[in-house]
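Position 1 is the first residue of the sequence, and the numbers go up from there.
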Amino acid sequence: MDSQSCAEATPPWAIGLAAVLLIWPVIWNGYPLVFADTGTYLGQALMGYVGWDRPPFYSLFIHALHWRISLWPVVLGQGLMVAHLLHLVLRAQRQPGPVPLVLAAAALAMLTGLPFVTAQVMPDFLTGVVVLCIWLLGFHWRTQGRWERRYLIVLTTLAVVVHQSHVPLAIGLAAVAALLLGFGRGPVQAMRGFGRMVAPTALAVVALLAVNVAAHRVISVSPFGSVFLATRLIFDGSGRAYLERNCPEIGYRICGALDRIGTEHNLFLWTLDGPLYTDLGGPKAWTSEARAIIRGVLAEDPLGVLAGTVRNTLHQLVTTASGDGLEPWRSQPGPGPVIARYLPHEHAAYLASRQQTGELYPFVHRLTPLHIGAFCLGLVGLLVLAFRRGWTLSELGLATLMLAALVGNAAITGGLSGPADRYQARLLWLSLFVALVVLRPKLRAATGQKDSGLAGAGG
């Protein structure tokens with residue numbers, strides 16, 4: 001079935017319905033879901049600044065949708081993006097049409113945490129988009145039309161550029177997919193596929209370098225990322241041990257604040273009246289010292305750093321809970337002041353939403369067992385299929401990229417920054433979707449074979 005006939009077989013209304021299913025929490029909540037960082041993402045484009053901790057591209061993306069009028073178009077746009085991408089994946093697996101898409105969206109809406117990610121004014125929903133886009137670019141380039149190819153490149157670039165952690169994730173996934181292509185289609189196709197898959201990341205890196213040079217006068221993808229890693233090392237123990245051994249001879253400012261940094265790395269990073277801001281001058285001012293600490297710790301205790309990274313990665317792999325970050329954010333930190341200033345006509349609805357009245361978080365948190373169960377169900381389905389023959393290279397690639405994304409995301413976020421429930425929660429939905437995509441054609445084929453056999457026996 002060619003891409004044109006497949007595209008015609010899935011009408012726009014089905015994609016629209018799937019999008020609504022994937023953002024249903026905003027209807028129940030009464031307003032788009034937000035996180036503490038939503039205020040920064042809104043504010044960068046509205047106020048014209050580039051933050052030290054996150055690039056401005058998601059801020060520009062949502063500004064193109066809200067235009068100081070409403071945040072509802074943001075979550076609707078995100079829902080449409082995800083629904084259309086699911087359509088492209090299903091079509092690539094020869095499952096076009098409204099029924100497979102709507103059924104898949106309904107299953108994801110009822111059983112997984114995807115709607116709570118897609119309906120949130122945050123770039124987290126794009127982590128899963130990175131995985132599916134790279135799979136389409138690597139394994140199904142020829143099945144896409146000319147404009148779809150261009151769209152996929154743009155979408156993948158956007159998905160990567162909105163968050164620095166997506167850069168190594170995308171590169172790693174492209175490398176894994178290229179290895180599979182090499183085994184299945186030969187080195188030439190592997191190199192071509194790798195070029196297609198890594199090209200959007202290259203564009204994203206160029207964009208990140210350009211904005212950081214313009215805003216911070218630094219040639220770097222993440223100019224202040226050393227603050228996060230140095231903090232991780234200190235709170236893991238190897239960094240603190242290094243400082244205790246060498247302070248005060250090394251003359252670092254943090255030596256005088258070691259007894260006040262606490263035991264929680266997030267409080268150290270984000271508490272405005274904490275030692276990072278009062279003693280060390282803030283993240284930007286502490287960056288050079290953070291880099292020196294990283295160099296010193298790596299030189300003195302490389303195995304300790306490796307052990308800490310592995311420990312955090314394994315911890316992140318099993319650390320997840322739906323609803324992380326969906327508690328009320330009525331003031332600072334949070335988007336409340338930005339909404340009140342730039343979207344004043346929506347501020348009352350924001351405050352009256354179930355999230356801001358405290359109803360949303362306990363509701364979503366209680367769904368954690370369901371979401372984890374759906375994730376495990378998807379893994380079990382794929383595991384059962386792994387012992388059967390009939391895998392295509394494309395299906396193997398999709399399942400492998402899903403697993404690689406789970407491990408890679410845990411290593412990049414939990415291993416280098418610190419474990420958090422929300423990091424893995426934004427990817428768990430992929431397991432069920434991949435299982436549906438891979439298993440449905442095989443179940444349909446098995447049923448067809450059985451029916452044919454019965455018909456033959458009856459004749």
> Under the 3.5 angstrom rule, does the side chain of S353 hit a backbone N or O of Y350 as a donor-acceptor pair?
Replying inline: yes
> What pair of heavy atoms forms the shortest contact from L85 to C133, and how long is it?
Replying inline: CD1-SG, 4.0 Å
>> With no hydrogens and no angle check, just 3.5 Å: does a side-chain donor-acceptor pair link H371 and S322?
In response: yes
> Going from CG on L276 to CD1 on I261, what distance comes out if it is rounded to the nearest 0.5 angstrom?
Replying inline: 10.5 Å
>> Would you say Q355 and Y31 are linked by a side-chain donor-acceptor pair, where the criterion is simply a distance under 3.5 Å?
In response: no
>> Looking only at side-chain N and O atoms, does E346 offer a donor or acceptor that is under 3.5 Å from a partner on S70?
In response: yes
>> Classify the ring geometry of Y151 against H84: parallel below 30°, tilted from 30° to 60°, perpendicular beyond 60°.
In response: perpendicular
>> Would the distance check show the side chain of N212 and the main-chain N or O of L208 forming a donor-acceptor pair, the cut-off being under 3.5 Å?
In response: yes
> Is the gap between the ring centers of H163 and F57 under 6.0 Å?
Replying inline: no
> Between Y252 and Y242, how do the two ring planes meet: parallel, tilted or perpendicular, split at 30° and 60°?
Replying inline: tilted
> Would L76 and V26 satisfy side chain to side chain contact (heavy atoms under 4.5 Å, CB included), going step by step from the backbone distance to the final call?
Replying inline: CA-CA 10 Å; L76 179 58; V26 299; over 6 Å; no
> Does F224 have its ring centroid less than 6.0 Å away from the ring centroid of H216?
Replying inline: yes
> Do the ring centers of F375 and W429 come within less than 6.0 Å of each other?
Replying inline: no
>> Would you compute the distance between atom NE2 of H265 and atom OG1 of T263 and round it to the nearest 0.5 angstrom?
In response: 11.5 Å
> Judged by atom type as modelled, is there a donor-acceptor pair below 3.5 Å linking the side chain of Q78 to the main-chain atoms of F125?
Replying inline: no
>> Less than 4.0 angstrom from a charged side-chain N to a carboxylate O is my criterion; do R253 and D279 meet it?
In response: no
> Counting distance only, does the side-chain N/O of T118 pair as donor-acceptor with the main-chain N or O of P115 below 3.5 Å?
Replying inline: no
>> Would you say the rings of Y342 and W67 are close, in the sense that their centroids are separated by under 6.0 Å?
In response: no
>> Could you walk me through whether L86 and L22 satisfy the side chain to side chain contact (heavy atoms under 4.5 Å, CB included) test, starting with their C-alpha distance in whole Å, then the side-chain angles of each, then the deciding distance to 0.1 Å, before giving a yes or no?
In response: CA-CA 11 Å; L86 299 185; L22 294 174; 3.9 Å; yes
> How about F433 and W135: are their ring centres within less than 6.0 Å of each other?
Replying inline: no
> Backbone N or O of M122 within a donor-acceptor pair of the Y58 side chain at under 3.5 Å?
Replying inline: yes
>> Among T413, T127, T320, D324, exactly one meets side-chain hydrogen bond (donor to acceptor under 3.5 Å, both in side chains) together with R426. Which residue is that?
In response: T127
>> Can a donor-acceptor pair be found, under 3.5 Å and without considering hydrogens, that links the side chain of R232 to the backbone of G415?
In response: no
> Are any side-chain N or O atoms of Q356 and backbone N or O atoms of W329, one a donor and one an acceptor, separated by less than 3.5 Å?
Replying inline: yes
